[in-house]
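Just so it is clear, the model here is predicted, and its values are computed rather than measured. The chains referred to below are lettered A, B, ... by the order of the sequence lines, with proteins before strands, and numbering in each begins at 1.
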Amino acid sequence: MPTQIDYEYDHSLYGVEHESGPFHVSREIIDTYTRSVGEDNPIYTDPETAKAAGYGDQVAPPTLCALFERGELPDIKLQFGRRQFHGGQRVEPRAPIIVGDTLTASSHLKDVYTKTGRSGTMVHVVWETTFRNQAGVVVADVQRSQVVRE
Amino acid sequence: MTEPAKLYFEDVELGDEIGPAIISVSDEQVVDFCSLWGNPAPNRFTDQEQAEKVGLAEPIVPGIMSMALVSRVLTDWAGAETLADLDLVFRGTIPHNQPLHIGLLISDTEQDESGNHVQCDITMTGPVPDRPYIIGTAQLNLPSRS
């Protein structure tokens, strides 16, 4: 029989978009990112290869925009548990991110729900963020799930 | 765009297994990544003492860094422009300097008016294959030979 878990949080955050940015995608950012994750596809590392493939310049790897989510989301004032960890991440690339792009992010609280397993009950807090470039084109949708343990 | 195709839809069949690709992440790579991410060392991802303060046995690889490793395996296999959706669940903490096995299993293939879609299941494991660090799914959109 499932147990009802009490947890409170700021429900007024639903339906509210939180804007952040701008985030300038410099060549240095892409180069450091590719080097740190061992990425060697020349589309992501070499401007000339990227241009020859039809892009305006060096392309960012598809998950790079997740870097810009950190610290930009409001506190939902969850009254539950003490230990937090990053439970999951989803990235849906929509259009290439190119060196020189300036991104903005629009985030909203998507869902807050509980799951109970062998280690107890956990509250999942899911934020959804849409990244757009300077032309207003959506370049990626990102979901981040933060988990709080009892 | 015009990147030469690395892989065509017709090259992939339901049940195909790709990999595992074996990758390890050095301490220096994590420090570089955290610096870029706005979380400079020392922190729980880079420093033993900071990790222990939050109940970890050792410094760990950040979740979004491990996602980048999975993305790298996918695009190395299928091409830079193919990734349409990557959805990962972080099941365990990922250590530095240890072999990480990233495997793909093709779970569905479908062609429709919007393209040629390949779904795959993803696992990242360490030395114990049945205790994955990461599970997840991806959708790739591939070109067709026809």
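Comparing T49(A), T63(A), D40(A) by how many heavy-atom pairs each has under 4.5 Å with chain B, the most go to T63(A).
The parts of V89(B) that come within reach of chain A are both its backbone and its side chain, each placing non-hydrogen atoms under 4.5 angstrom from that chain. If you measure heavy-atom distances from A68(B) to chain A, the contacts under 4.5 Å come from both the backbone and the side chain.
The hydrophobic cluster containing L78(A) also contains L109(A), counting ILVMFWY residues as joined when their side-chain heavy atoms lie under 4.5 angstrom apart, directly or transitively. Under the 4.5 Å side-chain heavy-atom criterion for ILVMFWY residues, a single connected hydrophobic cluster contains both F45(B) and V54(B). Linking ILVMFWY residues whenever their side-chain heavy atoms come closer than 4.5 Å, directly or via other members, places W127(A) and Y14(A) in the same cluster. V31(B) is not connected to L56(B) by any chain of hydrophobic side-chain contacts under 4.5 Å among Ile, Leu, Val, Met, Phe, Trp and Tyr, and they are in different clusters. Linking ILVMFWY side-chain heavy atoms closer than 4.5 Å, directly or via other members, places L69(B) and I29(A) in a single hydrophobic cluster.
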Between H86(A) and I64(B), does the side-chain contact (heavy atoms from CB on, under 4.5 Å) criterion hold? Intermediate values first, please.
CA-CA 9 Å; H86(A) 189 182; I64(B) 63 168; 3.7 Å; yes
Does the pair F33(B) and L67(A) meet the rule for a side-chain contact (heavy atoms from CB on, under 4.5 Å), with working shown?
CA-CA 9 Å; F33(B) 189 91; L67(A) 281 177; 3.8 Å; yes
List the steps, then state whether side-chain contact (heavy atoms from CB on, under 4.5 Å) holds for R90(A) with L86(B).
CA-CA 5 Å; R90(A) 181 177 189 177; L86(B) 178 57; over 6 Å; no
Starting from the C-alpha separation in whole Å, work towards a yes-or-no answer on side-chain contact (heavy atoms from CB on, under 4.5 Å) for E69(A) and W37(B).
CA-CA 9 Å; E69(A) 271 196 301; W37(B) 186 28; over 6 Å; no
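Within 6.0 Å of atom CZ in R94(A), more than 12 heavy atoms from other residues, nucleotides or ligands are found, so the atom counts as buried in its surroundings. Other residues, nucleotides and ligands contribute more than 12 heavy atoms inside 6.0 Å of the CZ atom of R145(B). Around the CZ atom of R83(A), the shell of radius 6.0 Å holds no more than 12 heavy atoms that belong to other residues, nucleotides or ligands.
Atom CZ in R72(B) sits 10.5 Å away from atom OG1 in T34(A) (nearest 0.5 Å). To the nearest 0.5 angstrom, M67(B) atom CE is 12.5 Å from L64(A) atom CG. To the nearest 0.5 Å, atoms CD (E39(A)) and CG (D76(B)) are separated by 6.0 Å. Going from atom CG of D32(B) over to atom CZ of R35(A) covers 6.0 Å, rounded to the nearest 0.5 Å. Here the straight-line distance linking atom CD of Q89(A) with atom CG of D87(B) works out to 9.5 Å at 0.5 Å rounding.
Between A84(B) and P93(A), the closest heavy-atom pair is O-CD, 3.5 Å.
Residues Q29(B) and V37(A) form no side-chain contact, since every pair of their non-hydrogen atoms from C-beta on lies 4.5 Å or further apart. Y44(A) places a side-chain heavy atom less than 4.5 Å from the side chain of T75(B).
Other residues sharing a hydrophobic cluster with M122(A) under the 4.5 Å side-chain heavy-atom criterion for ILVMFWY residues are F85(A), V147(A).
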